[in-house]
2 protein chains.
Amino acid sequence: MEKTLVEIDKAAAVLKVLGDKTRLTIIGLIKDGECCVCEFVEVLQMSQPSVSQHLRKLRDTGLVKERRRGQWIFYSLNQEHDAFSIVESVLELIPDQMDKLKELENKGLRICCD
Amino acid sequence: MEKTLVEIDKAAAVLKVLGDKTRLTIIGLIKDGECCVCEFVEVLQMSQPSVSQHLRKLRDTGLVKERRRGQWIFYSLNQEHDAFSIVESVLELIPDQMDKLKELENKGLRICCD
DNA sequence: TGTGTATATAAGGATATACTTATATACTAA
DNA sequence: TTAGTATATAAGTATATCCTTATATACACA
């Protein structure tokens with residue numbers, strides 16, 4: 001997988017979007033799979049519009065992909081992103097968020113659509 | 001070199017500081033050595049207070065170190081930072097800034113203090 | 001000591017950010 | 001079609017950010 005150089009402006013834009021606790025947690029939550037908006041709302045304990053707005057920033061920079069599945073929209077990491085190597089190194093450094101998804105599952109709130 | 005986990009808040013703070021074109025350029029300029037404030041001012045074509053304020057953010061998060069040498073203060077990367085791996089992956093991705101230092105040297109504006 | 005140079009800090013203003021509440025859109029199922 | 005659920009967008013507001021100009025601090029040298 002070739003690594004392309006990324007202009008400073010673009011790299012700065014990516015880092016700025018990643019530089020927020022909420023969005024970083026979202027990235028951590030979809031490290032190994034996808035989540036839908038209502039799952040983020042539950043895990044993050046934030047309002048739905050607020051979560052939507054954070055997801056929009058992630059989507060606008062191309063860091064995440066979305067996939068509609070019935071009434072749900074699932075978000076996942078865009079591993080094709082030019083700056084994905086940054087995302088990877090961030091994910092290696094921050095604590096795993098999987099326990100939060102486990103907790104969701106235990107509460108019966110995990111959305112599964114396969 | 002052990003890689004420590006970094007809390008989400010701290011990682012977000014680091015990414016936020018890196019998420020600015022000016023500061024990212026500064027990081028690029030000191031990739032392989034140190035620069036003093038007046039060199040940044042010349043390369044970045046920005047006011048001295050503005051540069052100082054950017055350097056302060058980088059210093060406050062611990063991403064750079066400073067070293068006074070006579071009347072000059074030299075800044076360099078803090079390779080001991082918990083999140084240095086992020087800095088490294090960013091530096092691998094963005095274009096080299098060394099040409100700007102070469103240009104400074106050609107204009108006789110490079111400060112050397114050894 | 002006084003003057004000049006390098007850097008930092010303070011204060012103020014324009015713009016960006018991250019919430020809020022209200023509303024619109026898209027899909028599902030009766 | 002209508003009602004309900006999931007998500008997005010709009011508008012407003014408090015706060016943060018990044019610049020500016022003015023001033024303070026630290027050092028060098030005569």
Side-chain angles (χ1 to χ4, degrees), chain A residues 8-9 12-27 29-30 34-61 63-76 104 108-114, chain B residues 8-9 12-27 29-30 34-61 63-76 104 108-114:
Chain A
I8 290 241
D9 292 280
V14 166
L15 290 162
K16 187 185 218 171
V17 166
L18 292 175
D20 174 272
K21 184 187 178 172
T22 301
R23 291 190 290 268
L24 216 45
T25 306
I26 289 175
I27 293 293
L29 287 166
I30 56 177
E34 51 186 18
C35 286
C36 72
V37 183
C38 57
E39 292 176 312
F40 294 128
V41 169
E42 177 65 25
V43 170
L44 299 167
Q45 289 289 299
M46 290 180 70
S47 72
Q48 176 269 317
S50 189
V51 169
S52 258
Q53 284 156 11
H54 282 296
L55 287 168
R56 181 133 121 92
K57 297 208 168 186
L58 288 167
R59 190 161 27 91
D60 284 352
T61 50
L63 288 169
V64 304
K65 297 179 294 186
E66 63 175 9
R67 176 175 76 102
R68 183 176 272 280
R69 195 75 168 182
Q71 47 190 154
W72 296 283
I73 297 177
F74 287 86
Y75 284 87
S76 57
L104 251 196
L109 295 173
R110 193 86 165 92
I111 309 292
C112 221
C113 239
D114 298 324
Chain B
I8 290 241
D9 292 280
V14 166
L15 290 163
K16 187 185 219 172
V17 166
L18 292 175
D20 174 273
K21 184 188 177 169
T22 300
R23 291 190 291 266
L24 216 45
T25 307
I26 289 175
I27 293 293
L29 287 166
I30 55 177
E34 50 186 18
C35 286
C36 72
V37 183
C38 57
E39 292 176 312
F40 294 130
V41 169
E42 177 65 25
V43 170
L44 299 167
Q45 289 288 298
M46 290 180 69
S47 73
Q48 175 269 315
S50 188
V51 169
S52 258
Q53 284 156 10
H54 282 296
L55 287 168
R56 181 132 120 93
K57 297 206 170 186
L58 288 167
R59 190 162 27 91
D60 284 351
T61 49
L63 288 168
V64 304
K65 297 179 293 187
E66 64 176 7
R67 176 175 76 102
R68 183 176 271 279
R69 195 73 169 183
Q71 47 190 156
W72 295 283
I73 296 176
F74 287 85
Y75 284 87
S76 58
L104 250 197
L109 296 173
R110 194 84 164 93
I111 308 292
C112 222
C113 242
D114 298 325

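The figures here come from the full heavy-atom set of this structure, side chains too, leaving out hydrogens, waters and symmetry mates. Per chain, numbering begins at 1; letters A, B, ... match sequence-line order.
Counting heavy atoms from C-beta outward, A:Leu44 and A:Ile26 have side chains that approach closer than 4.5 Å. Side-chain contact between B:Tyr75 and B:Leu29: absent, with no pair of heavy atoms (C-beta onward) separated by less than 4.5 Å.
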Quiz prompt | side chain to side chain contact (heavy atoms under 4.5 Å, CB included) assessment of A:Val43 paired with A:Leu109 | solution = CA-CA 10 Å; A:Val43 170; A:Leu109 295 173; over 6 Å; no
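In this structure, the side-chain hydrogen bond (donor to acceptor under 3.5 Å, both in side chains) partners of B:Gln48, at least two apart in sequence or on a different chain, are B:Ser52. A:Lys65 pairs by the side-chain contact (heavy atoms from CB on, under 4.5 Å) definition with A:Ser76, A:Asn78, not counting sequence neighbours. When the side-chain hydrogen bond (donor to acceptor under 3.5 Å, both in side chains) test is applied to B:Thr22, no partner is found at least two apart in sequence or on another chain. In terms of the side-chain contact (heavy atoms from CB on, under 4.5 Å) criterion, residue partners of A:Ile8 (sequence neighbours excluded) are, by chain and number, B:Lys21, B:Leu24, B:Thr25, B:Ile94, B:Pro95, B:Gln97. Take A:Thr61 and apply the side-chain contact (heavy atoms from CB on, under 4.5 Å) test, not counting sequence neighbours, and it matches A:Val17, A:Leu63. When the salt bridge (charged side-chain N to carboxylate O under 4.0 Å, His left out) test is applied to A:Lys57, no partner is found at least two apart in sequence or on another chain. The side-chain contact (heavy atoms from CB on, under 4.5 Å) check on A:Gln71 picks up nothing, with sequence neighbours excluded. The salt bridge (charged side-chain N to carboxylate O under 4.0 Å, His left out) test applied to B:Arg68 returns no partner, not counting sequence neighbours.
Scanning residues 18-25 of chain A for heavy-atom distances under 4.0 Å to DNA chain D yields an empty list. If you check residues 44-51 of chain B against DNA chain C, the residues with a heavy atom closer than 4.0 Å are B:Gln48, B:Pro49, listed by number.
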Would you tabulate the nitrogen or oxygen pairs shorter than 3.5 Å linking the protein to nucleotides 3-6 of chain D?
from  : atom 1 : to      : atom 2 : distance (Å)
D:dA6 : O3'    : A:Gln71 : O      : 3.4

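Atom CG in B:Asp20 sits 7.0 Å away from atom NZ in A:Lys16 (nearest 0.5 Å).
The phosphate of D:dT17 (OP1 or OP2) has a side-chain N or O of B:Lys16 nearer than 4.0 angstrom. Phosphate proximity of D:dC19 to B:His54: present, with a side-chain N or O under 4.0 Å from OP1 or OP2.
Side-chain N or O atoms of A:Gln53 include none that pairs as donor or acceptor with a backbone N or O of A:Ser50 at under 3.5 Å.
The separation between B:Glu66 atom CD and D:dC27 atom P is 12 Å, rounded to whole Å.
At the heavy-atom level, A:Tyr75 lies under 4.0 Å from the strands shown only through sugar-phosphate atoms.
The footprint of chain B on DNA chain C, defined by a heavy-atom cutoff below 4.0 Å, extends from C:dT5 to C:dA11.
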